[in-house]
Amino acid sequence: FGPTHPTTLRYLSSFALLLQAMGRRQEAEPLIRRTLDAREALLGQNDPDTLESLGHLALLLEAEGRYDEAEPLLRRVLSCCESALGRSHPDTLSCMNNLVVLLRGAGRYDEALAIGGQALASAEKLGPNHRCSIQSLTNMALLAQARGDYAKAEDMFRSALSRSEAAFTRMHPMSLSILSNFAAMLLVAGKPLDAEPLLWEVVEGKEAALGEAHPETLQAVNSLAAHLMSTGRKPAVLPLLRQALRSSEEALGPSHPVTLTVLNNLAVTLKTMGELAEAEVLMRRAAKGAEQMFGILHPATLRATSNLNLLCEERSSIGGGLSAQPELQGIEFTGTSVGASPSFPTLTKLLVEARGHQAKPHLPHDLHFVESPPLVVPLPMGCCFCARSNPLGKDERRCPTHAPI
């Protein structure tokens, strides 16, 4: 077909999205840009395929925290959606919600609140149980959480979950995503007893849907492990994270962001149990992997490097590799709150003891839960994801959930 044939570009775009899903964003970015440039030249700036590539690039940049680069791209896609489809079309609302996520990540809460409110008002016209209404309400809950209004966030999460259950089921990926983010909010709000059943439910539900080695399963396990760690159940956390690391390395590779997160958390667990020598080996791997994957100044790299430096200082102060019961100060246990994750088939066996042993909950000030952004699935222009319609006349278009229209 040639390098700029639509079929070639479609395969190139799919390959780039696969690399991005595997955490290989540095390899995915030039392929997305190549596809975007070719589509702009071949089809024009406002063609649905061009806008699809533009949206993919914006979401990749957002995932890397490059908000200044991502924002104008998202706004351009949103403007085209509004002009072609109208403010209340599902594709337009998805663009608005992605912009809300970006603005929230950049700390621009007032702007995010304004756009999120508009998205929710428009989505409600499609019905309270429409997917876009639920997504918009969940984003508003996350925004309320970011602003410290936990009571309002809790009410919104409960409402979004109720709607999702009515529209789908409690075990639907959207419901599990809400449950995951809701549990993370309850932990931040100081309600660990309310959060724990939800964390278990997310892990067990997602494993049934996606399998033990899926990135979202592993992220759900990280959240549960972080909670078990904070409530003093270290013996249960260690086998859980060892299995998670094996599964992640086999399925995703040693450099995937999820693998690096599990690696960091296992190292932290070992440190708190006095296994300093093994902890140092894993922390060195986590720090090196984060630097290669994200760059030296990325927060994940700085966090891993800080953990390693603190561990080395402690080992030096006690005379080398002697075991000790280290303090948690300065160590960051990376809990995640990404939704739509399954649980492990063998998780029950590993954690029966943990579930039965209800330690008195406590959240030490020196143990940090690091919130991950909500899972945002890029929706292609004309996708059937919400409306199950094909407004732009693309007969072969697919989305992550549905077959061709």
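The figures that follow rest on heavy atoms only: side chains count, while hydrogens, waters and symmetry mates do not.
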- Item | Result of checking L60, L61, L59, L36 against L73 for side chain to side chain contact (heavy atoms under 4.5 Å, CB included) | L61
- Item | Beyond-backbone contact of S177 with V202, side-chain heavy atoms, under 4.5 angstrom | no
- Query: Salt bridge or not for E111 and R104, using N-O below 4.0 Å?
  - Reply: no
- Message: Between the side chains of E275 and R242, is the shortest nitrogen-to-carboxylate-oxygen separation below 4.0 Å, so that they form an ion pair?
- Response: no
- Residues forming a ring-ring contact (aromatic ring centres under 6.0 Å, His included) with Y67, sequence neighbours excluded: none
- Any side-chain heavy-atom pair from L113 and Q118 closer than 4.5 angstrom? no
- Query: Under the 3.5 angstrom rule, does the side chain of S247 hit a backbone N or O of A244 as a donor-acceptor pair?
  - Reply: no
- Message: Tell me every residue that passes side-chain hydrogen bond (donor to acceptor under 3.5 Å, both in side chains) with T259, counting only those two or more places apart in sequence or in another chain.
- Response: S248
- Message: I'd like to know if E165 pairs up with R158 as an ion pair, taking the criterion as any Lys NZ or Arg NE/NH1/NH2 lying under 4.0 Å from an Asp or Glu carboxylate oxygen.
- Response: no
- Task: Compare all side-chain heavy atoms of E201 with those of L198 and state whether any distance is below 4.5 angstrom.
- Result: yes
Determine all donor-acceptor pairs shorter than 3.5 Å in which one atom belongs to a side chain in residues 16-25; sequence neighbours excluded.
from: R24; atom 1: NE; to: E27; atom 2: OE2; distance (Å): 2.8
from: R24; atom 1: NH2; to: E27; atom 2: OE1; distance (Å): 2.9
from: R24; atom 1: NH2; to: E27; atom 2: OE2; distance (Å): 3.4

- All heavy atoms of A279 vs all of L270, minimum pair found to be CB-CB, 3.9 Å
- Message: Restricting to salt bridge (charged side-chain N to carboxylate O under 4.0 Å, His left out), what partner residues turn up for E291, sequence neighbours left out?
- Response: none
- Donor-acceptor contact below 3.5 Å, side chain T301 vs main chain A290: yes
- Item | Distance in Å, R39 CZ paired with L42 CG, rounded so as to fall on 0.5 Å steps | 9.5 Å
- Task: Measure from the side-chain N and O atoms of S122 to the backbone N and O of A119, and report whether any donor-acceptor pair falls under 3.5 Å.
- Result: no
- Query: For R284, which residues count as a side-chain hydrogen bond (donor to acceptor under 3.5 Å, both in side chains) partner, sequence neighbours excluded?
  - Reply: E280
- Message: Do L137 and F157 make a side-chain contact, defined as non-hydrogen atoms from C-beta onward lying under 4.5 Å apart?
- Response: no
- Under the side-chain hydrogen bond (donor to acceptor under 3.5 Å, both in side chains) rule, collect the residues that match up with S136, sequence neighbours excluded. N97
- Counting only heavy atoms not in Y150, do more than 12 fall under 6.0 Å of its OH? yes
- Query: Among pairs that include at least one residue of residues 244-264, which meet salt bridge (Lys or Arg N to Asp or Glu O under 4.0 Å), considering only residues two or more places apart or in two chains?
  - Reply: E249-R285
- Just wondering, do I32 and S13 contact through their side chains at under 4.5 Å, heavy atoms? no
- Can you list the residues that meet the salt bridge (charged side-chain N to carboxylate O under 4.0 Å, His left out) rule with D68, with sequence neighbours excluded? none
- Message: Tell me whether T138 contacts the main-chain N or O of I134 through its side chain, where contact means a donor paired with an acceptor under 3.5 Å.
- Response: yes
- Query: What are the two closest non-hydrogen atoms of M171 and L176, and how far apart are they?
  - Reply: O-CD1, 3.5 Å
- Please list all pairs passing the salt bridge (Lys or Arg N to Asp or Glu O under 4.0 Å) test where one or both residues lie in residues 77-87, with sequence neighbours left out. E82-R87
- Message: Counting neighbours of CZ on R76 that are heavy atoms of other residues, nucleotides or ligands and sit closer than 6.0 Å, is the number greater than 12?
- Response: yes
- Main-chain N/O of L12 paired with T35 side-chain donor or acceptor, under 3.5 Å: no
- What closest approach, in Å, do L51 and N46 show between heavy atoms, and which atom pair accounts for it? CD1-O, 3.7 Å
- T92 side chain to S88 main-chain N or O, any donor-acceptor pair under 3.5 Å? no
- Task: Could you tell me which non-hydrogen atom of E212 sits nearest to which non-hydrogen atom of T217, and how far apart they are?
- Result: O-CG2, 3.7 Å
- Who passes salt bridge (charged side-chain N to carboxylate O under 4.0 Å, His left out) against R66, sequence neighbours left out? E29, E64, E69
- Supply the atom-to-atom distance S164 OG to M174 CE, rounded to the nearest 0.5 angstrom. 6.0 Å
- After noting the C-alpha distance and the side-chain angles of E196 and R233, does the key distance pass the salt bridge (charged side-chain N to carboxylate O under 4.0 Å, His left out) rule? CA-CA 13 Å; E196 180 165 330; R233 285 169 279 181; 2.8 Å; yes
- Message: Is the shortest side-chain heavy-atom distance between R170 and L179 below 4.5 Å?
- Response: yes
- Message: Applying side-chain hydrogen bond (donor to acceptor under 3.5 Å, both in side chains), can you list everything that pairs with T50, at least two apart in sequence or on another chain?
- Response: none
- Message: Are the side chains of M96 and Q135 in contact, using a 4.5 Å heavy-atom criterion?
- Response: no
- What is the minimum heavy-atom distance between S133 and P128, and which atoms define it? CB-O, 3.6 Å
- Residue list, side-chain contact (heavy atoms from CB on, under 4.5 Å) with T8, at least two apart or on another chain: F1, H5
- Answer yes when E40 and R33 have at least one side-chain N-carboxylate O distance shorter than 4.0 Å, and no when they do not. no
